[in-house]
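For the numbers below, each heavy atom of this structure counts, side chains included, while hydrogens, waters and symmetry mates do not.
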Amino acid sequence: MAMVLYIGFLHRVLFACLVSSSLAFSAGYTFDVNILPQPPAVEIGKNFTATCSLANTSEATADDLIWYFFSKIIPREQYNKINTSAVNVTITITSETPSSLFCQVNKPKDTKHTYGIELHKGYPPEKPENLSCVALQVDNRISVNITCSWDTRKRGTLIETKTSLFFISGDEKKEKEIKDAENSGTVTLSIFPHHMNAKVWVESENKLGKVKSDVLETESDQFVKTNPPSNVVAISEKQFPQSLLINWLLPIEKVYVKLIYQIRYCKHGTHTWTEIPLADTAREIQSFRLQYLRPYTLYITQVRCKMYREGFGYWSDWSRNATRMTPEDKPKSKPDLWRFINNAEGKSRQTLHILCKDPELSNGRIEIFKVKMDSLPWEEVVVNRTGSEDLAVDLRQIEDPGDKIIVEVIARNSVGLSPKASLRILQNPHQFPPVNKLGWKSDKGQLLIEWQPPNVSAGGPTRKHNLTEYVVEWVSGKDGKMDWQRENRTTLKTVIRGDLENFIFYNISVYPIYSDSIGQPVTIPAYLEQRAPLHPPSIKLEYLGSNNAKLVWTDIPQEKQTGFIVNYTLYYFTLNESDVHAITLPANTYSYHLKTLSSNTKYWSKVKSSTIKGSATSPEHMFFTAKYAPGEVKGIVVGACLGFLFLLLGITILCFYKWESIESKLWPTIPNPENSRIGTWTPDFHLQNDPPEENALVDVSVVEVDTLDGMSEFEEDKADLPLKKDKYLSEEHSSGIGDSSCMSSPRQSVSDSDEGGDLGEAVAGAVQYSSVVASQGYKGQNPNAAAHGHHPQQQQQQQQQTTPSFSRSESTQPLLECEDGGDTPGSSGQSRLLSPGSGYRSKTFDHGSARCAEGGPPGPGETGGAVLLRFWPGDQGCQQSGAQDAAERPEFLEAVPASRCMTKLDGYRPQ
């Protein structure tokens, strides 16, 4: 409220400054302008109308008047012209409306005059509601201070408001001013006006209005509220085990206030109170007996009081607790007898535990259980309890129980014995059907169990054993503590009444009981309350390949789950965490095989276990996929080895079948030159040439081979051969057997018509081939001249008519075929033609120029006569110029004798 007043003060100062400034700088015409009304405050949410008028002037009219706030002109649509000198404006007041409104004469030639009003915005006071007053007890009397309260809205007024409390009783009238924003106040009287009427009301007023509450007119005792009864005690009486006697003292004397009382009680440990009806306690009493209580039970009792007249005064607060236990009585119900079969891990034997709890109506402390099993005598089991009385007592432990056991138990306290409880235990309860559709849910901190009754047929064992009740059993997953409760046979829904803990796993079982025979149970797991797991699973790598990996994780321990695991979520990703792959898996899955990974890549993985109330995620696990899958390198190596083995095997088989051909290619059969015998070559022969064809070149080689063999004769002939200075010499070069070249190793060739005999011997020693070629060439040559009817003399004439040339081969290959056929009978008088490309070369010298031509070896003669060879021109040759060669050839050809062919031996003789 102080802030509102401060803002209003600032508005007034600003408004005064504006008005004074406009008056100080005014010049020219003077206008008399009035603005009405001048309200002390305006109400937010309401319309406000202001009128601006001109007086005693003809220089301006109502059309020259404008309305505006500080910097915003109000549109003329909101103006209302009253007459020629007055105009008003209507605006809606809101919390955002500016606090000042101005009116001005709009004359350009004159100094502007500004007039305005200040708007104090707020709300009128609200009417107080629900007025009430109370006078408390102080010491032994009612206080003279009366406190009244009322209800108002929380809106506030935003402007200064005055609130007052008025109290009138008898001749005493009190007024109490209430601070703003408070809705209660206290008036102090000289004495409390017992049995006198009083009037009370509240008034609120501000600049926007005044309101008054309804007048509360009643007797002053209506406002009295005493203290609660004091010294409340509860007394137990042994002869009344089901009742407690409650006593208390009056809080105030009857002369001041007459009181009535109210009593409530509850069992210790519960929060459900039982109230005694007012009809039993609405009188002037100081004690009361609580009846129909449970014996040997601790009860809490409270008492309160108020003025006896109905509708007068207020109930006092409840007194302090009065706690007392009711006396003992003999048990009214039989003990709660049950059994529990323990199948310990690692043990093949079963242990049957006979358990017993106190009777529901034990009515005292059970000291002894009397137990009887089958036909054995009764035995007593002393109960030594240190905790809750509902704790079950393990009466017997039986190893490997028989087919049927009947147990009977009686409980005894300090007063008497309870009724007898019996239990028939069968080793095979499956003949009795179980319940159907067992389920659970947690509701408001309680565990609710529901089921459907078993399917009991008209026949079978259940006809003789009717369904009598159900037993609901629960076993804690934390410490194995077991408890149970019994339900009526008509019950299909119940709340577990035991002390269950949150976030602890329980196995809930429901047993149908058939005439003291236990039926087959149905068991489900349950939680009273769930949350996220306390511990995440642990993930590790079990298998790793190049593009796959198998991840496994451990199950969370039961005590760490704190809820049912609904699913697992497996995450895996590379260095780029934005590309995260998530796979949701069922709760019973503890491994997963990733099959779409990239080879030679680093991956991170983690697994999240989730319950319905949260989840827990394992730390990230890194693994690096291999470049090759396991066995892939081995497969490549084995495949390559197998391929090489098959290739080697194929080559071996091919070599086996083609050995002769391969051997002839790689290791050809070469005759031994030491075993070769070549006869003496003589130039005395007769050429037998066919008429040469045009443009054809015929090379005829005639060699005389000595028929004698042996190295001594060959060497002797070679040594006796005289070489003359005037012989024709040529340098020859051989590149080896079967090949020749004009640039081969040097070798001498001798040609002379006068020394035919010597040349023949020399040639025989040098193993060289010579040929006589017609100068015009030849078109053909028949080596078997005698066979075709040509006479040797005719051949000689033809030879003499032509211009012969001498050609000598530089091949080092002996005449193997000639040698093979030289000694063959029936081969006389025959010659053989060589085909082209036979691998042999010869040189032909023609008229001062020599030409080397490739040719084959000469064929063998059929007789001892001359061997005629035909040579085709070769691809390579050389030309040698010399005039002496052309002059010597005619004489040489005339002296060539007929040649002889010798038998081929193994190898050949060196040249």
- prompt: Would you say Asn47 has more than 12 foreign heavy atoms packed within less than 6.0 Å of its CG?
  reply: yes
field: Glu253 CD: over 12 foreign heavy atoms closer than 6.0 Å
entry: no
- prompt: Do Tyr123 and Asn206 touch side chain to side chain, with heavy atoms closer than 4.5 Å?
  reply: no
message: Taking the side chain as everything from C-beta on, heavy atoms only, tell me whether Phe48 gets closer than 4.5 Å to Pro37.
response: yes
field: More than 12 heavy atoms from other groups under 6.0 Å of CD on Glu310
entry: no
CD1 (Ile191) with more than 12 external heavy atoms under 6.0 Å: no
task: State whether Phe167 and Lys174 meet the cation-pi test: NZ (Lys) or CZ (Arg) under 6.0 Å from the six-membered ring centroid, and within 45° of the perpendicular axis.
output: no
field: Residue pair Thr90 / Thr49, side-chain donor-acceptor N/O under 3.5 Å
entry: yes
- prompt: Using a distance-only test with no angle check, is there a side-chain donor-acceptor pair under 3.5 angstrom linking Thr188 and Asn145?
  reply: yes
query: Are the side chains of Val105 and Leu65 in touch, meaning some heavy atoms are under 4.5 Å apart?
result: yes
task: Determine whether Ser132 and Tyr314 make a side-chain contact, defined as any pair of heavy atoms from C-beta on separated by less than 4.5 Å.
output: yes
query: Quick one: does Thr97's side chain get under 4.5 Å of Phe69's, heavy atoms only?
result: yes
- prompt: Where is the tightest heavy-atom contact between Pro533 and Gly614, given as atom of each residue plus distance?
  reply: CD-O, 4.1 Å
- prompt: Which of these passes side-chain contact (heavy atoms from CB on, under 4.5 Å) with Val607: Ile583, Thr617, Ile539, Leu585?
  reply: Ile539
- prompt: Can you tell if the side chain of Tyr79 reaches within under 4.5 Å of the side chain of Val89, non-hydrogen atoms only?
  reply: yes
- prompt: Going by the angle between their ring planes, with limits at 30° and 60°, are Trp604 and Phe573 parallel, tilted or perpendicular?
  reply: parallel
task: Kindly indicate whether the side chain of Glu219, heavy atoms from C-beta on, has any atom under 4.5 Å from the side chain of Phe312.
output: yes
task: Kindly give the heavy-atom pair with the smallest separation between Leu259 and Glu284, and that separation in Å.
output: O-CG, 4.1 Å
message: Could you check whether any side-chain heavy atom of Leu101 comes within less than 4.5 Å of a side-chain heavy atom of Ile74, counting everything from C-beta outward?
response: yes
Minimal non-hydrogen separation, Pro128 against Val211, with atom names: CD-CG2, 4.4 Å
Full working for side-chain contact (heavy atoms from CB on, under 4.5 Å) between Asp221 and Val257: CA-CA 8 Å; Asp221 293 333; Val257 179; 5.5 Å; no
task: Determine, step by step, whether Thr152 and Val202 satisfy the side-chain contact (heavy atoms from CB on, under 4.5 Å) criterion, reporting the C-alpha distance in whole Å, the side-chain angles of both residues, the deciding distance to 0.1 Å, and the verdict.
output: CA-CA 11 Å; Thr152 57; Val202 178; over 6 Å; no
query: For Ile73, does the CD1 atom sit with more than 12 other heavy atoms under 6.0 Å from it, leaving out its own atoms?
result: no
task: Please determine which of Phe288, Trp318, Tyr261 meets the ring pair (Phe, Tyr, Trp, His ring centres under 6.0 Å) test together with Trp248.
output: Tyr261
Parallel, tilted or perpendicular, as decided by the 30° and 60° cut-offs, for the rings of Tyr572 and His581: parallel
query: Do Asn247 and Gln286 have side-chain N/O donor and acceptor atoms under 3.5 Å apart?
result: no
message: If you count every heavy atom of other residues, nucleotides or ligands that lies below 6.0 Å from Lys258 atom NZ, does the total exceed 12?
response: no
- request: For Ser53 and Ser85, run side chain to side chain donor-acceptor pair (under 3.5 Å): C-alpha distance rounded to whole Å, both residues' side-chain angles, the deciding distance at 0.1 Å, then the answer.
  value: CA-CA 5 Å; Ser53 61; Ser85 61; over 6 Å; no
message: I need the single residue from Pro228, Ser319, Pro251 that forms a side-chain contact (heavy atoms from CB on, under 4.5 Å) with Cys305. Which is it?
response: Pro251
message: Is it the case that atom NE2 in His535 sees more than 12 heavy atoms from other parts of the structure closer than 6.0 Å?
response: no
